[in-house]
Participant: 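Have a look at this one before I ask anything.
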Amino acid sequence: MTMGLWLQYLVIALAAVVSAGVVWKKQFPNSWRRTRSALALALLRRSSARAQRWGRRLAPPASGNAGACGGCDSCGPTPPKP
């Protein structure tokens, strides 16, 4: 096979993996978050500074929406009706 054909296969495979990741993130957000957390923790436990840096970047953001009312983010005044 020629080098151009291998490059084409590589680009198509990369596009398919990225597409599957986007679908996974959109359709299964809890699973996506758990997987990111597990990978981040595994990287943070390593002694390599580079691996720990990747672990901090990979870690999902903290979910700070557990307010007094349950965290639905719909608290506050409702806009006036015209």
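Starting from 1, each residue takes its place in the sequence as its number.
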Participant: Counting only heavy atoms not in Trp54, do more than 12 fall under 6.0 Å of its CH2?
Facilitator: no

Participant: Is the shortest side-chain heavy-atom distance between Val23 and Phe28 below 4.5 Å?
Facilitator: no

Participant: When rounded to the nearest 0.5 angstrom, what is the spacing between CG in Leu44 and CZ in Arg53?
Facilitator: 12.0 Å

Participant: Do Pro61 and Arg36 have side chains that get closer than 4.5 Å, going by heavy atoms?
Facilitator: yes

Participant: Going from CG on Leu10 to CG on Leu5, what distance comes out if it is rounded to the nearest 0.5 angstrom?
Facilitator: 11.5 Å

Participant: Over all heavy atoms of both residues, which pair between Ala40 and Gly55 is shortest? Give the atoms and the distance, please.
Facilitator: CB-O, 3.4 Å

Participant: Look at the side chain of Thr35 and the backbone N and O of Ser31, then say whether any donor-acceptor pair between them is shorter than 3.5 Å.
Facilitator: yes

Participant: Please check if the side chain of Gln52 supplies one atom and the backbone of Arg46 the other of a donor-acceptor pair under 3.5 Å.
Facilitator: yes

Participant: Nearest 0.5 Å, what's the CD-CH2 distance between Gln27 and Trp32?
Facilitator: 13.0 Å

